[in-house]
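A short write-up of the structure that comes next.
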Protein chains: 2
Amino acid sequence: MSDATTSPLRHDPPALKEVQVSCSKCNLRELCMPVRLREDELDVLDRLIANRKRVPRGKPLFSNGDKFGAIYAIRSGTFKTRINTADGRDQVTGFHISGEIVGLDGMGGEQHACDAMALEDSEVCVIPYDRLEELSRECTTLQQHFHRLMSREIVRDHGVMLLLGSMRAEERLAAFLLNLVTRMRARGFSGSELVLRMTREEIGSYLGLKLETVSRTFSKFAEEGLISVNQRHIRIEQPEKLRQMVGTHA
Amino acid sequence: MSDATTSPLRHDPPALKEVQVSCSKCNLRELCMPVRLREDELDVLDRLIANRKRVPRGKPLFSNGDKFGAIYAIRSGTFKTRINTADGRDQVTGFHISGEIVGLDGMGGEQHACDAMALEDSEVCVIPYDRLEELSRECTTLQQHFHRLMSREIVRDHGVMLLLGSMRAEERLAAFLLNLVTRMRARGFSGSELVLRMTREEIGSYLGLKLETVSRTFSKFAEEGLISVNQRHIRIEQPEKLRQMVGTHA
DNA sequence: CGTCGTTTTGAGTGGTCTCAAGACGTGTGG
DNA sequence: CCACACGTCTTGAGACCACTCAAAACGACG
C-alpha cells in the first residue's frame, strides 16, 4: 500500500495560480460530473464553473443564512455540513470529500440552510446557480444529472436516518467507517486505510453519539482486531466483520 | 366539471375514471405548486399532470425497486415513506399529507429507493418525470420551483437528522406533534386537534423510538396536561410548553 | 517546558429497550 | 345479539446501552 497517506496533513499543492478552469480536463470529472455529452455539448461543462475558491482549514465555505448563489464541487479537501438551532443544538449532517457537491440545501431558496466548514485546507469549484439553471435548459443531460445529484442527496439522507433511527453505537460507527473508506477508494486511495479529518466529537454529532462513546467504540473495535487505531489513522483489518455488524439486524 | 382543458394527446388507458385534471383550478395549488406564472405560461401546469390515481389504505403508491417514472402530488389522504434493508431493518422516512410531493427520491435514478404506502384512502396527481423535464426547460419558474421542492426535501431530512441525533424521546414526540399540527393548520384544519393516521409503531420508527416509548410518552404528556389523548385523536392543550420542550436544549 | 485541544478510560447514573401481561376497539362468524 | 380473534395500545419490571461527570494521557505548538 502506498504511504502517501502517512505524511501528516501538509500536502499544500504548489502555489496554485488562478488557472483557467476547465471541467472537461479535470480528473475528478467522472466523480462529480459523470455526464455523457454530445460533441456539440462539450463546452457546456466548461461554462458551468465560474472560478475556484480555496477554503483554509476551519473556515466556512458558506454559513447558515448566507445568501444562496452557488453550489460547490469539492476539488480537494474535506468539508463538514452542519445545522444548528437557536438553543445551541447542532447536528453534523454530512462529511464531504473531493468529487462531491455541497450547497444543494440552499438551492432554489433564498439562503443557505446550513454551514459548510473545511476540515482541512480545501478547494472548491464554484457553480453559480443562475448559470446552472440556464445551462440545464440548454442541455438535457446536464439537467438530468443535477436532478440525479439532488435525488441522491435525499437518498443519502434517508440512509443516515436509518442509521440514526435503528442502529446501535457499534453498528453506526462500523457503517460510518465502511462508507468513508468506500468513497476514498473510489478516489484512488487505499481501500483499507484512512485518515480521519474530523474529531471524535464531530463523528459523534454525525452519528448521534457522544464523543466518549465514539472513542470507546473505536477502542473496542481495536481490541477485537477489527481495526487499528493510531490517532486519526485508521486501518480496516477485518472489513467483512464490520459489514456483518451493519448488515445483521441484531 | 368539463374535461375540455385536458390535453388531447392523452392515450393512457382509463383504468380509473378519468376525472378532469387541472392544476390551475385546484384548490391545493398554492400548497404544491406555488408558482408565479406569466400569462403565456398558464397552461404549463395543466400539461404537467398526466392523471390522478387512487390508492386505498394499506396499498403502496410505489415500492422500493419499482421503475421510476413519475413523482406524485398528494391530493387527499396520508402516506408514509419507508426504506428497508435486506436484514429486516426499516425506517419510516416521512409522513406526507395533501399538497405535498412524494417520489423525489427516485428522481433521475432508475428506480424508486423507498416505499410509499397510503395510511388512509388517498388520491394523488401523477406527474410524469419526462414531462416535468420537458416543461422545466420551457418554463423557468417551474424549473426553479422543482429545484426548490427537492432542496426543501433535503432541508427537511436534515431537520429529522437533528431530531434523531440530538433529541430525547419527549423532545422528539413534541416536535413531531407540533410539526404535524402546523402542516394540518396550513390546510385549513384545526390548529389544536389532529387525528393520527399512523400507528404508534410507525411513529416510533420515524422518531427512532420503540412503540412502547411512544405510548408512554403520550401518556406522560397527557398526565401533565400538555395534550389530550383519545386513541388516535390528539388535542394540543398547551402548545407553548411543547414548543418550549423542543426549543430548550436541556 | 507549558498550554491547549483532543482523546482515552473509569465509575456511576439514567433513559430507552426488552420482555411480558393485560386492556381496548374493531370486525367476524356463530 | 354474543363470543371470539385480531391488531393496537397501555402499563409494569428489569436489563442494558449510552450518557454524564471526572481525571489523566497524549500530541501539537508556541
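Convention: sequence-line order gives letters A, B, ...; per-chain numbering from 1. Computed from a predicted structure; not experimentally measured.
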Nearest whole Å is fine: how far is [N] [atom2] from [X] [atom1]?
{"X": "B:Arg197", "N": "D:dC9", "atom1": "CZ", "atom2": "P", "value": "13 Å"}
{"X": "B:Arg232", "N": "C:dG25", "atom1": "CZ", "atom2": "P", "value": "14 Å"}
{"X": "A:Leu211", "N": "D:dA24", "atom1": "CG", "atom2": "C1'", "value": "15 Å"}
{"X": "B:His233", "N": "C:dG25", "atom1": "NE2", "atom2": "P", "value": "14 Å"}
{"X": "A:Leu173", "N": "C:dT8", "atom1": "CG", "atom2": "P", "value": "11 Å"}
{"X": "A:Lys220", "N": "C:dT9", "atom1": "NZ", "atom2": "P", "value": "14 Å"}
{"X": "B:Leu196", "N": "D:dG7", "atom1": "CG", "atom2": "P", "value": "21 Å"}
{"X": "B:Met167", "N": "D:dA18", "atom1": "CE", "atom2": "C1'", "value": "19 Å"}

Using heavy-atom distances to pick each residue's nearest nucleotide on DNA chain D, tell me which of A:Leu209 and A:Gln231 is more 5'.
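Comparing both residues, the 5'-ward one is A:Leu209.
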
Where each residue is assigned the nucleotide of DNA chain D containing its nearest heavy atom, which of A:Gly208 and B:Phe218 is assigned the position nearer the 5′ end?
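Looking at the nearest nucleotide for each, B:Phe218 comes out on the 5' side.
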
Cationic N near anionic O, under 4.0 Å, [X] to [Y]:
{"X": "A:Glu240", "Y": "A:Arg243", "answer": "yes"}
{"X": "A:Glu100", "Y": "A:Arg187", "answer": "yes"}
{"X": "B:Glu153", "Y": "B:Arg156", "answer": "yes"}

Assess the pair B:Phe62 and B:Tyr72: is the distance between their ring centroids shorter than 6.0 Å?
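Yes, ring centres under 6.0 Å apart.
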
Would you check if the side chain of A:Arg172 reaches a backbone N or O of A:Met167 as a donor-acceptor pair within less than 3.5 Å?
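Answer holds: yes.
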
Hey, is the side chain of [X] poking within less than 4.0 Å of OP1 or OP2 on [N], counting only N and O atoms?
{"X": "A:Thr213", "N": "D:dC19", "answer": "yes"}
{"X": "A:Arg200", "N": "C:dG5", "answer": "no"}
{"X": "A:Thr199", "N": "C:dG5", "answer": "no"}
{"X": "B:Ser219", "N": "D:dT11", "answer": "yes"}
{"X": "B:Arg216", "N": "D:dT10", "answer": "no"}
{"X": "A:Arg168", "N": "C:dT16", "answer": "no"}

For A:Arg172, which contact category applies under a 4.0 Å heavy-atom criterion: base, sugar-phosphate, or nothing?
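The answer is nothing, as A:Arg172 stays clear of every strand by at least 4.0 Å.
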
Mind checking A:Gly204 for me? I need base, sugar-phosphate or nothing, with any heavy atom below 4.0 Å counting as a touch.
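A:Gly204: no heavy atom of the nucleic acid under 4.0 Å.
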
Counting side-chain heavy atoms from C-beta on, which of C:dT9, D:dC9, C:dT16 comes nearest to A:Ser215?
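It is C:dT9.
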
Report yes or no: is there a donor-acceptor pair, N or O only, under 3.5 Å between the side chain of A:Glu212 and the base of D:dC21?
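Yes, a donor-acceptor pair under 3.5 Å.
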
